[in-house]
Amino acid sequence: MTEPATARSCPFPADADRETHSTPVLLARAEQFAAQFDRIAKGRENPLNIVIEDTTGPVQAVINGRPTLMFGTNSYLGLNFHPDCIAAAVAAAQHYGTGSTASRVAAGNHRLHVQLEEEIAAFHRRSDAVVFSTGFMANLGVITALARKEDAIFADAHCHASIFDACRLSGAQVSTFRHNDAADLERLFTESDIASEQTLVIVEGLYSVRGDVGALAELAAVAKRRGAVFVVDEAHGLGVYGRNGRGVGEHLGVEDDIDVVVGTFSKSVGVIGGYAVSNTAALRALRFMARPYLYTASLPLPVVAAARAAIALIASDRHGLRASVWRNARQFHAGVSRLGLPLHSDAGPVGSIRLPGLAAGYAVWQGLLARGIYVNLLVPPATPDGEVVLRFSVSAAHKPQHIDAAISAFREVKDSVGLG
Ligand SMILES: Cc1ncc(COP(=O)(O)O)c(C=O)c1O
């Protein structure tokens with residue numbers, strides 16, 4: 001997701017009026033922003049406020065009293081319900097309690113955190129790993145610890161909001177290059193006043209709105225030739241891409257060109273947390289310089305235990321979950337393609353369908369929900385190029401009949417709102 005939805009960057013006009021509002025302008029503007037979706041929803045479900053009444057499986061929930069198939073979570077492997085992960089979390093909660101209650105540098109650095117770091121480093125075949133409390137914080141930590149105001153950062157225009165927030169926070173001179181465009185990255189180096197060796201290039205392995213793969217080989221080639229640091233966020237590719245599930249870098253055979261890989265435990269791993277891995281000794285500096293590492297509570301040990309179990313499952317792939325998610329992704333993609341809906345990318349664990357505006361987008365989203373299918377309705381600035389999209393994700397935990405049900409619902413809704 002590119003940018004967070006903020007009142008400042010919201011696509012709707014802020015017509016809060018100083019003269020007539022008794023509330024301060026800042027509050028009125030925020031209220032107005034929040035009210036936009038209510039107006040579109042006209043008393044029906046608000047996509048930003050959906051309440052999951054019950055979770056009955058990795059891809060099953062109850063919403064509005066109705067059993068609902070989830071095609072809008074990032075549980076790509078279904079590991080949030082794997083018995084090994086649940087058992088590990090339960091045992092850790094019973095033994096260690098529920099929370100860490102301290103940051104890594106203040107009594108929150110447990111043996112289990114260190115083991116998780118060793119295991120994630122070994123999984124990625126890197127010498128070192130640093131674990132954070134979320135993937136968002138991992139991006140903040142890596143980017144702000146490495147880049148300062150005298151440096152430059154070149155980011156792909158489709159990068160996640162956490163990357164852009166990290167770039168801003170670093171104080172470095174930030175420029176974006178056109179999505180996946182190595183020539184445009186080259187242009188930034190040529191035009192920059194800052195030495196290319198003082199530049200950090202950041203991209204993603206798998207982009208989470210359109211579901212397309214990063215052009216890592218071409219972009220890494222430019223970054224390496226210029227002597228820049230090349231960082232890849234593998235949040236969505238982890239567990240799904242590459243023979244060993246290490247992500248798009250492995251899939252494309254370019255891991256050696258990536259200086260730092262950032263990842264998250266909130267998607268395939270099925271818990272919460274983030275990490276950075278690298279072969280450079282510089283990674284150690286994160287433990288002293290990364291404020292999102294220093295100044296927030298460390299991961300609770302039940303989460304750490306479940307993450308360790310999940311990483312072991314991803315590494316062994318003993319249930320063939322990678323093959324399952326890909327089989328399901330292809331079935332889903334083929335079904336949606338047959339309906340003639342405009343897909344953004346080839347088959348993959350996450351992707352999106354372009355919709356002609358917010359009203360049509362809401363109608364499709366709400367129609368699917370009424371039929372027991374949950375997907376994400378995304379609007380600018382969370383999407384590139386000002387588009388309204390339905391973002392879907394597919395899991396190894398889906399059954400073929402779940403996907404058939406989703407495609408039938410898409411067909412009915414498409415006909416009822418005149419799409420395609
Ligand atoms: C590319 C990317 N990076 C980082 C994150 C943040 O991950 P987390 O949920 O662990 O904070 C996300 C979450 O959606 C993401 O898509």
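What's counted below: heavy atoms across the whole structure, side chains too, no hydrogens, waters or symmetry copies. No experiment lies behind these values; they were computed from the predicted model shown. Both counts, for ligands and for their atoms, begin at 1 and track the order of listing.
Asp259 has a carboxylate O that lies under 4.0 Å from a charged side-chain N of Lys224, or vice versa, which qualifies the two as a salt bridge. Electrostatic pairing of Arg354 and Asp385 does not count as a salt bridge here, judged by no charged N lying under 4.0 Å from a carboxylate O.
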Before giving the answer on salt bridge (Lys or Arg N to Asp or Glu O under 4.0 Å), spell out for Glu234 and Arg246 the whole-Å C-alpha distance, their side-chain angles and the decisive distance to 0.1 Å. CA-CA 8 Å; Glu234 289 276 16; Arg246 294 198 293 267; over 6 Å; no
For Arg168 and Asp165: C-alpha separation, side-chain torsions, deciding distance, then whether salt bridge (Lys or Arg N to Asp or Glu O under 4.0 Å) applies. CA-CA 5 Å; Arg168 283 189 204 110; Asp165 284 0; 2.8 Å; yes
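The residue Met137 has no part lying near ligand 1, judged by heavy-atom distances below 4.0 Å. Within the 4.0 Å heavy-atom criterion, neither part of Asn74 lies near ligand 1.
A distance-only check finds no donor-acceptor pair linking the side chain of Gln173 to the backbone of Ile194 [under 3.5 Å].
Checked by distance only, ligand 1 and Ala235 stay at 3.5 Å or farther apart across all their nitrogen or oxygen atoms. At under 3.5 Å, not a single nitrogen or oxygen of Glu204, backbone or side chain, sits near a nitrogen or oxygen of ligand 1. In terms of polar-atom proximity, Gly135 is counted as a contact of ligand 1, with an N or O under 3.5 Å from an N or O of the ligand.
Atoms of ligand 1 lying under 4.0 Å from any heavy atom of Thr134, numbered from 1 in the order shown and given with element: 10 (O), 11 (O). The Phe136 neighbourhood of ligand 1 comprises atoms 6 (C), 7 (O), 8 (P), 11 (O), with distances under 4.0 Å to a heavy atom of that residue. Interface of Ser266 with ligand 1, defined as ligand atoms under 4.0 Å from a residue heavy atom, comprises 8 (P), 9 (O), 10 (O). The ligand atoms of ligand 1 that sit less than 4.0 angstrom from a heavy atom of Asp233 are 1 (C), 2 (C), 3 (N), 4 (C). Against a heavy-atom cut-off of under 4.0 Å, Asn139 is close to the following atoms of ligand 1: 3 (N), 4 (C).
Side chains of Gln331 and Asp404: a donor-acceptor N/O pair is present below 3.5 angstrom, by distance only. For the residue pair Tyr96 and His110, no side-chain donor N or O sits within less than 3.5 Å of a side-chain acceptor on the partner.
Under a 4.0 Å heavy-atom criterion, Ser208 is in contact with ligand 1.
Side-chain rings of His179 and Tyr207 approach one another, their centers coming within less than 6.0 Å.
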